[in-house]
Amino acid sequence: MAKFEGYKDIYVFVEQKNGEVANVGYELISEARKLVASIPQMNFQVVGVLLGHNIKDKANDVIAHGADKVIVVDDALLEGYSTQFYADALTQVINSFKPDSFLTGATVLGRDLAPRVAARLNAGLTADATKIEIDQEKAKDGEALLLVTRPTFGGNLFGTIVCPDTRPQMATIRPNVFSMDAVDASRTGEVVEFTPEWTDTDPKVIVKEVIAKVVEGVDITKADILVGAGRGAEDCLDMVQAVAEELGGELCASRAVVDDGFADKAIQVGQTGKTVRPSLYIACGISGACQHVAGMEKSDMIIAINRDPQAEIFSIANMGFIGDVKEILPLLKDEIIAAKKG
Ligand SMILES: Cc1cc2nc3c(=O)[nH]c(=O)nc-3n(C[C@H](O)[C@H](O)[C@H](O)COP(=O)(O)OP(=O)(O)OC[C@H]3O[C@@H](n4cnc5c(N)ncnc54)[C@H](O)[C@@H]3O)c2cc1C
């Protein structure tokens, strides 16, 4: 008998709020597609799990983003996020369908929900994963063991965690860590409606009012071009900002710049800041510490400006300028202006 009889497929929690699906669910579905493609012999599917109220019509979007099947739990108790009802419903879904692994976005909601469900199921969970693979040796024996990598010891090391003894293997992954595949509206898939059995419909927590966070400035996770300021550019942030503006991009910063009080935490990139993956990231006076790199290494093109030729940032950059940011940034700005005119 197989070690985990009946457990199959990679499930993804598709987070939605007011009917709007968060991109992270689609990013995880895209990554799950790559994982199942790496073990074709196991015939695994990618299954989306959608919880909410009046959200059935979103199931086809989830399929268009790469799911083979979507389990929809549509119930008035799931109208807004409730730890109690979401955890109850999701635990029942997992107990009924037996996913081999279960991926959730490391969002505020996902960080609340996934550990609670894992504890109820006595399943292993790896939080804040940055890379997920399947052990190909184990796969030969019919086991889809996830190798889940995440930063550890303050981001100075990366550890790969396995959960060989329990199912599902659970993991949370921050938004923007994985890329989202193109939508294919012609995809077809199965939609399964699941009705939870509520043992207790009295809410333990009553939300009296939701106060929307006032977001000041831009959301750097959505920017296509980012110009990052490090400690080496702290005293010329106006130059960094000017280059960002000429490129139609946004300014972001390393933690050093935030800690030194020159930038708001909202624009910090890195392990304790935001994860970004713009098409262009220009790192100005940033050393390339692993905690910073963890938040921007998936950028399509990285250009580094640093006066130290040995700076770590050059090891991940596609292109580099060795020199003083105060000399290079004005030249870069002029070149951009000239290129735009020409
Ligand atoms: C638990 C933990 C979490 C962390 N999380 C984050 C995080 O989320 N994000 C983050 O960024 N960091 C984070 N850090 C901090 C991280 O370790 C580094 O200290 C930080 O990224 C360094 O920022 P920096 O590169 O701007 O500054 P520095 O390391 O001081 O580097 C400045 C660079 O600028 C260059 N330079 C100086 N002057 C010039 C000049 N005139 N022209 C050109 N180059 C110049 C220098 O050669 C140097 O390479 C974290 C650390 C820990 C322990």
Side-chain angles (χ1 to χ4, degrees), residues 15-18 20-27 81 104-112 127-130 150-151 154-155 172-180 209-305 313 316 325 329:
E15 180 177 333
Q16 61 78 31
K17 192 174 176 191
N18 300 325
E20 197 176 321
V21 174
N23 277 352
V24 65
Y26 295 148
E27 292 160 13
Y81 178 65
T104 308
T107 58
V108 173
L109 188 158
R111 285 168 200 253
D112 182 64
D128 272 349
T130 51
R150 56 150 295 152
T172 62
I173 301 96
R174 283 162 56 153
N176 279 325
V177 167
F178 297 129
S179 58
M180 184 165 74
E209 189 187 359
V210 176
I211 302 168
K213 185 178 174 189
V214 180
V215 182
E216 282 170 13
V218 289
D219 179 357
I220 58 166
T221 64
K222 302 221 160 69
D224 190 43
I225 296 177
L226 282 171
V227 186
R231 189 171 268 145
E234 257 176 9
D235 56 352
C236 60
L237 283 181
D238 53 333
M239 290 182 186
V240 183
Q241 177 80 55
V243 168
E245 277 169 18
E246 283 306 332
L247 288 169
E250 301 295 344
L251 174 77
C252 62
S254 72
R255 177 161 154 180
V257 178
V258 173
D259 287 350
D260 292 348
F262 290 96
D264 194 90
K265 169 94 178 148
I267 63 165
Q268 181 189 317
V269 169
Q271 188 193 323
T272 45
K274 305 249 168 71
T275 303
V276 296
R277 50 182 320 143
S279 55
L280 173 63
Y281 188 99
I282 305 181
C284 310
I286 294 177
S287 58
C290 59
Q291 296 92 349
H292 184 82
V293 167
M296 46 67 80
E297 64 188 332
K298 300 270 174 67
S299 306
D300 292 342
M301 159 74 88
I302 298 170
I303 300 176
I305 307 171
I313 193 75
I316 58 147
V325 281
L329 285 171

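Values in this document were obtained by computation on a predicted structure and should not be read as measured data. The first residue in the sequence is number 1, and the count goes up from there.
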>> As an exercise, state the distance from CG of Leu226 to CD1 of Ile267, rounded to the nearest 0.5 Å.
In response: 9.5 Å

Can you list, pair by pair, the side-chain donor-acceptor contacts under 3.5 Å of residues 238-250, counting residues two or more places apart and other chains?
residue, atom, partner, partner atom, Å
Gln241, NE2, Glu245, OE2, 3.3
Glu246, OE1, Lys340, NZ, 2.9

> What residues form a ring-ring contact (aromatic ring centres under 6.0 Å, His included) with Tyr26, not counting sequence neighbours?
Replying inline: His65

> Looking at side-chain heavy atoms only, is the closest gap between Cys236 and Val325 below 4.5 Å?
Replying inline: yes

>> Restricting to side chain to side chain donor-acceptor pair (under 3.5 Å), what partner residues turn up for Glu15, sequence neighbours left out?
In response: Thr107

> Any idea which heavy atoms bring Thr104 and Gly110 closest together, and the distance?
Replying inline: CG2-CA, 3.7 Å

> What pairs with Ser299 under side chain to side chain donor-acceptor pair (under 3.5 Å), at least two apart in sequence or on another chain?
Replying inline: none

> side chain to side chain contact (heavy atoms under 4.5 Å, CB included) with Asp224: which residues, sequence neighbours excluded?
Replying inline: Ser279

>> Restricting to side chain to side chain contact (heavy atoms under 4.5 Å, CB included), what partner residues turn up for Ser287, sequence neighbours left out?
In response: Ala289

>> Give me the atom names and distance for the closest heavy-atom approach of Val257 to Glu234.
In response: CA-OE2, 3.5 Å

> Ile303 and Leu280: side chain to side chain contact (heavy atoms under 4.5 Å, CB included), yes or no, with the steps?
Replying inline: CA-CA 8 Å; Ile303 300 176; Leu280 173 63; 3.8 Å; yes

>> Just to verify, what does Lys222 make a salt bridge (charged side-chain N to carboxylate O under 4.0 Å, His left out) with, not counting sequence neighbours?
In response: Asp219

> Do Arg150 side-chain atoms and Ala127 backbone N/O form a donor-acceptor pair below 3.5 Å?
Replying inline: yes

>> Closer than 3.5 angstrom, by distance alone: can the side chain of Lys274 be matched with the main-chain N or O of Ala266 as a donor-acceptor pair?
In response: yes

> Any idea which heavy atoms bring Pro278 and Ile225 closest together, and the distance?
Replying inline: CB-N, 4.1 Å

> Which atom pair, heavy atoms only, marks the closest approach of Ala253 to Val258?
Replying inline: CB-CG2, 4.4 Å

>> Let's go through Ile313 and Met296 carefully: what are the C-alpha distance in whole Å and the side-chain angles of both, what is the deciding distance for side chain to side chain contact (heavy atoms under 4.5 Å, CB included) to 0.1 Å, and is it a yes or a no?
In response: CA-CA 11 Å; Ile313 193 75; Met296 46 67 80; 4.2 Å; yes

>> According to side chain to side chain donor-acceptor pair (under 3.5 Å), who are the partners of Gln291, at least two apart in sequence or on a separate chain?
In response: Asn156

> Side chains of Ile220 and Gln268: does their closest heavy-atom pair fall under 4.5 Å?
Replying inline: no

>> Going by side chain to side chain contact (heavy atoms under 4.5 Å, CB included), name the residues that satisfy it together with Arg277, two or more places apart in sequence or in a different chain.
In response: Asn176, Ser179, Lys298

> Under the 3.5 angstrom rule, does the side chain of Arg111 hit a backbone N or O of Ala106 as a donor-acceptor pair?
Replying inline: yes

>> Holding to salt bridge (charged side-chain N to carboxylate O under 4.0 Å, His left out), I want the full list of residues that pass it with Asp264, two or more places apart in sequence or in another chain.
In response: none

>> Among residues at least two apart in sequence or on other chains, which ones pass salt bridge (charged side-chain N to carboxylate O under 4.0 Å, His left out) with Arg231?
In response: Asp260

>> If I take atom CG from residue Leu329 and atom CD1 from residue Ile305, how far apart are they, to the nearest 0.5 angstrom?
In response: 4.5 Å

>> Which heavy atom of Val293 sits nearest to which heavy atom of Gly288, and what is that distance?
In response: CG2-O, 3.4 Å

>> Can you confirm whether Ile316 sits close enough to Tyr281 that some side-chain heavy atom of one is under 4.5 Å from a side-chain heavy atom of the other?
In response: no

>> Side chains of Asn23 and Pro175, heavy atoms from C-beta outward: is any pair under 4.5 Å?
In response: no

> Are Asp112 and Tyr81 side-chain neighbours, meaning at least one heavy-atom pair lies under 4.5 Å?
Replying inline: yes

>> Testing the basics here: between Val227 and Cys284, what is the closest heavy-atom pair and its distance to 0.1 Å?
In response: CG1-SG, 3.7 Å

